[in-house]
Each structure stands twice: as structure tokens, then as C-alpha cells.
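Only one structure is covered here, and it is reproduced in the block below.
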Amino acid sequence: MRGIEKRFPGVYALKAVNFDLVGGEVHALMGENGAGKSTLMKILSGVYQRDAGSVQVSGQNVTFDGPKAAQNAGVGIIHQELSLMNDLTVAQNVFIGREPRSFLGVIDEGLLNQRARDIFQRMNFNLDPTTETGHLTVAKQQMVEITKALSYQSKILIMDEPTAALNDAEIAELFVIIRRLKAEGVGIIYISHKMDEIKKIADRVTVMRDGEYIDTVDAAQTPLADIISMMVGREVKEETLEIPDLSESQQVLEVKGLNRGKAIRDVSFTLKKGEILGFAGLMGAGRTEVARAIFGADPIDAGEVWVNGKLCSIQSPNDAVAAGIGYLSEDRKHFGLALGMDVRANTAMATLSRFYNAFGVLDEGKMEAVAKGYIEQLGIRTPSDTQEVGLLSGGNQQKVVIAKWLLRDCDILIFDEPTRGIDVGAKAEIYKLLEALAQQGRAIIVISSELPEVMRLSHRIAVMCQGKLTGILPGGAATTQEQIMALATQ
Ligand SMILES: Nc1ncnc2c1ncn2[C@@H]1O[C@H](COP(=O)(O)OP(=O)(O)OP(=O)(O)O)[C@@H](O)[C@H]1O
Ligand SMILES: [Mg+2]
């Protein structure tokens, strides 16, 4: 790809970007949220049309007028947001629009399933072609997407943040698959915000910043710190955790004997004003379930939730918010945003009553000021506060949800995977914000699957395994990753 240009209304998304890929390599594409990574890949895969520049595949100049044309030329993409049809089977998804038919024109399901099985066997995938896709885990759905790409004999496979929602075991499995694809000569373009993955899987790294091409470097020979400073254009300082003395601090939350089927087994803990309590554990350990139960999103079988010394009967999220508990869900796409509305409306949505003036009219000026404040504070990349949220890059959409919850006056804030899909620089900003919130007297629970993140943030670390709280460790240097993992895998 040479000199690729792309403009959207108000956004100069790609400025003369160059990118090349050779067969059998993993080429990481790195950059902050909104740098233009997904846009460049959507151009390569025929989703968007470039304004200028040229694309060659195997030495041939190409212009793809749509995703089908790109697929037929051997360019496959697994989008940041998976795009399978949930009520179709695995094999139906793989061969959608290209189903083998009998001479009477009827879809030959047997042959369809067999063709899918052939690819599963080649790739060593443990998948059943007849399962409904909606029932699969995200990791399995990705395998379906990979199968789909391979069914087109893809020579180029683009993976846009494939590990964002995978657990460690699933990531390891994905890397095995990537190495197998490499060995077959497939060129892979790999986008991720998890810096440690770059060293594990990438051969070369191309960095973009603000829609511009910065450089392409060798992954093994370039220190991560150099890649990060190329991404953000400055050095990102790792600040260390300071654990406040909370011995005098008042207890704001006490959870006693929480139970919900097998998902939550007798979980009890306390939380103080000004405290950040991290929840570590493997995916499926029950951390999100605990958060949802406290927030009234799921019914419980037994247990008590005490807020500020009072027993609360929380039957619904409304009850929870009334009791001063806020929950930023891990599934922000479904529960967090109105994609068709603008940034301003989305930030104000959870606290709309605060924006009415004395005449009962919505004070747009106030909403604008608040939205602009957060755009500034969180570095949300958007042409204006009236941009539709659905048009922002993935990571910038996440920041909008965070802004929305920061605005709410909750004594207790539960953040579930708050930095998923967020770039390194912005992560550091969000950590600072959470610390500031704690200093202002909020009590905070942070659920994170990234151990360095839990360790960076938590004053105490609660570890869960199979629905049980297996231990609470002190935060800071007193606790090692090994100690946490030991409790997480009992
Ligand atoms: N359809 C669109 N209309 C308007 N602006 C868009 C559109 N698609 C992308 N943009 C803008 O183009 C810029 C680049 O976005 P892109 O999605 O490529 O970023 P990214 O590098 O993939 O970021 P992230 O890491 O957050 O996924 C952003 O400013 C984004 O808001
Ligand atoms: Mg993206």
C-alpha cells in the first residue's frame, strides 16, 4: 500500500500511509486509539474506498469495490467487532452466499459441513460445523472467522484486535493457529493494544500516529519503549502505585455470603472509602458475576449487600444506582452506548436530570462544556462533541463510556475491564483518573484480566477461582504475579 489517503467529514484519517507485507510474516500494526489502523485495514479489505494512493497484491495493482472482491483476491479480515450471523450454523457462516447446491438448487448441507470440517482438520480446530454460532465463545467465533478467510484461500489475513476478549489459554491457542498460518505462507497483519504480545508474535512492526505513517521496525530488535514512544510521540512514564493509609477510613461496602448457583459461591468482602480493590482471576472465575449481582443485574440465591452501614435490598440496577453504586459493564457495545447519538448526548445520558435548567429545558451549553471537558481529559479523538459515537474508533468509544460513568456521583464504582481496547498512553491516563477518584473519596472496584493492570492499580487484590473468593492479597510490591496465579488456579 503506497501513499494511502482517506478523509471522513471533519477527520483526515490517513495521510500518505505506506504499508507492506510479505508472505509468512506477522506484521503488527500499532498506534493509539484513532490513529487510523482499522481504517487502513478496511481499505485493504474493500470495506472503504481510498481517496488516493495505490494497492498492489502479489505485484498486481488492485482496487476492491467491496469486501467480496477483496476476499476473492485472497484478502481476509477479522474485524474488531466480529460480524457473524448468530442464528446460522458454523458452516453456514463460513460459506454464506457460496453454499454448494445440488442440481435442483437445494443447499447441500452435507457437503457444506464436510468442506468446513476439511478446514478444521487442516488447522486442528475443535469445532462442530453444525453448532449455532451464537452459542460459541468469542474465541471459537474467531476460529469460524479464520475458517471463513481460509475458505477463500486467503494469502493475507488481517486480525484487528483479535485477543481483546480472549483469556490467556485462548490467546495461547490463537498464537498456535497464527504460527501454523505463517508456516503455510499466509501473511498476517496483527493489530493489538497489548504490548507484550508484540514481542511474542510479531516479526515486524509498523507504527502509525494521527493518520500518518511513522516507521517500520524489526520486532525482536526494537525495545518496546521505543515502539511506545513512536506511537504516542512522547515517553510514557510508568507511575508506581502509592497505597494510602486507610486505617481511619470508613467502610462503605460490605458483601456477605453472596451466592448465585455455581457462579458465585459464598463471596464476602469489604471496601473502604478511598480504596481501590482489584479483582483478579481467570476469565469465567466469577468476577463479572459478583459485580452484576451487587449491581442488581442478576438475581442472587443468598447474601447481603451493606452500603454505608445499611442493609440494602438491591433488586435492579436502578436500586443499585439509588444506593450509590455504579457499574461500568465489560460489554460496552450492548449496554454502554447509543451508537447513533453524539458524544455530547452519550456523556450526559446517565445524568441527564442534571442538565435541565430552571425552566425544564435541557441546557445544551452545559452539556457541551462537560462533554468537551472529558474529551480533553481522556484524550477522546473526535472532530467535535457532536460527532456520532458510532463513527469513533473502537478505543475512543470506550473512553466515552468511561466519561459517562465518571460523571455519575456514585460512592461505589465498579469498573469491569475498563481499559480493554485502549492504547498505552490512554491507559496511563485512566489509571490516574481512577486514583484521583479514590482520593476524592470514592470506593472503587476494578476487575481486570491483565495482571499488570490489577497490580498497578489495586490497594488490595481479591482473587477469584471457580466462583469462590480464594484470597485477598495486599497491593503493591508485597504481592507477586505468582501468588495471584496460585490463588486463581486452585
Ligand atoms: N466512517 C467514519 N466516519 C467518520 N470518521 C471515521 C469513520 N471511520 C473512522 N473514522 C475516524 O477515523 C480515525 C481513525 O479511526 P480508526 O478506526 O482507523 O482508528 P484505530 O487506529 O483503529 O483506533 P482504535 O485503536 O481505537 O481501534 C478516527 O478519528 C475515527 O473517528
Ligand atoms: Mg481500530
Side-chain angles (χ1 to χ4, degrees), residues 1 4-17 19 27-51 53 66-67 77-83 158-165 189-195 197-198 205-214 227-228 230-233 236 332-333 336-337 339-344 346 371 374-376 378-403 417-430:
M1 306 181 81
I4 306 295
E5 298 272 330
K6 182 71 185 175
R7 282 175 195 272
F8 297 111
V11 182
Y12 196 174
L14 298 174
K15 305 165 194 166
V17 174
F19 185 82
H27 194 149
L29 184 57
M30 310 286 297
E32 290 183 290
N33 298 130
K37 306 176 297 291
S38 295
T39 303
L40 186 69
M41 291 303 112
K42 283 179 183 166
I43 286 173
L44 180 56
S45 58
V47 179
Y48 290 157
Q49 300 304 310
R50 59 187 184 265
D51 296 339
I77 181 162
I78 301 170
H79 285 286
Q80 202 162 357
E81 277 78 39
L82 295 180
S83 52
I158 304 161
M159 297 187 176
D160 197 347
E161 296 192 38
T163 60
I189 304 172
Y190 189 86
I191 301 179
S192 174
H193 288 293
K194 299 186 182 169
M195 300 302 300
E197 292 182 350
I198 302 315
V205 181
T206 286
V207 177
M208 295 178 64
R209 185 166 77 231
D210 285 334
E212 284 179 74
Y213 170 83
I214 302 296
I227 295 175
I228 293 174
M230 279 194 271
M231 285 168 61
V232 299
V236 176
R332 284 171 281 270
K333 268 281 142 57
L337 287 173
L339 292 176
M341 289 166 78
D342 62 17
V343 176
R344 186 191 297 178
N346 270 283
Y374 278 112
I375 289 170
E376 170 84 32
L378 296 174
I380 300 174
R381 193 152 304 175
T382 173
S384 79
D385 65 310
T386 54
Q387 181 79 334
E388 245 181 65
V389 165
L391 298 181
L392 301 187
S393 78
N396 282 298
Q397 293 184 9
Q398 313 262 39
K399 293 187 198 172
V400 175
V401 194
I402 291 184
E417 306 285 358
T419 66
R420 186 180 281 173
I422 289 195
D423 69 58
V424 279
K427 266 184 189 164
E429 292 305 314
I430 287 169

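Because the structure is a prediction, the values reported are computed rather than measured. Order of listing sets the numbers, starting from 1, for every ligand and every atom in it.
- When each atom of ligand 1 is checked for a heavy atom of S38 under 4.0 Å away, the hits are 17 (O), 18 (O), 20 (P), 22 (O).
- Contact annotation for Y12 and ligand 1: no heavy atom of the residue comes within less than 4.0 Å of the ligand.
- Atom numbering of ligand 1 starts at 1 in the shown order; those under 4.0 Å from a heavy atom of N33 are 23 (O), 24 (P), 25 (O), 26 (O).
- Atoms CD1 and CD1, from I198 and I228 in turn, are 10.0 Å apart once rounded to the nearest 0.5 Å.
- For the salt bridge (Lys or Arg N to Asp or Glu O under 4.0 Å) condition, no pair includes a residue of residues 393-403, sequence neighbours left out.
- At least one heavy atom of G36 sits closer than 4.0 Å to an atom of ligand 1.
- Those atoms of ligand 1 that come under 4.0 Å of a heavy atom in A13, given as number and element, are 12 (O).
- With hydrogens left out, the protein atom closest to atom 31 (O) of ligand 1 is L391 O, 3.2 Å, a heavy atom.
- For atom 1 (N) of ligand 1, the closest non-hydrogen atom on the protein side is Y48 OH, 3.2 Å.
- Not a single heavy atom of K42 sits closer than 4.0 Å to an atom of ligand 1.
- Given atom 29 (O) of ligand 1, the protein heavy atom at minimum distance is V11 CG1, 3.7 Å.
- The shortest N or O to N or O distance between R381 and ligand 1 is not below 3.5 Å.
- The two residues D385 and A371 make their nearest non-hydrogen contact at CB-CB, 4.1 Å.
- Within the 4.0 Å heavy-atom cutoff, E32 counts among the residues contacting ligand 1.
- Heavy atoms only, all atoms of each residue included: S192 and T163 are closest at OG-OG1, 4.2 Å.
- Side-chain atoms of V17 and M1, non-hydrogen and from C-beta on, never get closer than 4.5 Å to each other.
- Excluding water, every protein N/O/S atom under 2.8 Å from the Mg ion (ligand 2) is given here by residue and atom: S38 OG, Q80 OE1.
- Inclusion of A35 in the set of residues having an N or O under 3.5 Å from an N or O of ligand 1 is warranted.
- The shortest N or O to N or O distance between G34 and ligand 1 is below 3.5 Å.
- Residues satisfying the salt bridge (Lys or Arg N to Asp or Glu O under 4.0 Å) criterion with R50, sequence neighbours excluded, are absent altogether.
- With contacts defined as side-chain heavy-atom distances shorter than 4.5 Å, the pair M195/K427 does not qualify.
- Considering only non-hydrogen protein atoms, atom 9 (C) of ligand 1 sits nearest to F8 CE1, 3.5 Å.
- Remark: side-chain polar atoms of N346 are not paired, donor with acceptor, to backbone N or O of L337 under 3.5 angstrom.
- In terms of protein heavy-atom proximity, atom 27 (O) of ligand 1 is closest to Q80 NE2, 3.0 Å.
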Verdict with supporting geometry, V205 and M230, side-chain contact (heavy atoms from CB on, under 4.5 Å): CA-CA 11 Å; V205 181; M230 279 194 271; over 6 Å; no
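- Looking at G395 next to ligand 1, an N or O pair under 3.5 Å apart turns up.
- The nearest non-hydrogen atom to atom 25 (O) of ligand 1, considering only K6, R7, Q398, K37, comes from K37.
- Of the possible donor and acceptor atoms, none in the side chain of D160 sits under 3.5 Å from a partner among the backbone N and O of S38.
- Nearest heavy atoms, N33 versus I422: OD1-CA, 3.6 Å.
- The protein heavy atom nearest to atom 17 (O) of ligand 1 is S393 CB, 3.4 Å.
- Contacts between T39 and ligand 1 below 4.0 angstrom, taking non-hydrogen atoms only, involve backbone and side chain alike.
- P162 approaches Y190 most closely through the heavy-atom pair CG-CE1, 3.5 Å.
- Residue E161 places a heavy atom less than 4.0 Å from ligand 1.
- In this structure, the side chain of D210 does not engage the main chain of E212 through any donor-acceptor pair within 3.5 Å.
- Residue-level proximity to ligand 1 for M208 is absent, since no heavy atom of it falls below 4.0 angstrom.
- With sequence neighbours left out, Y48 forms a ring-ring contact (aromatic ring centres under 6.0 Å, His included) with F8.
- Taken to the nearest 0.5 Å, the OG1 atom of T386 stands 13.0 Å off from the CE atom of M341.
- Between the side chains of Q387 and T382, no donor N or O sits under 3.5 Å from an acceptor N or O.
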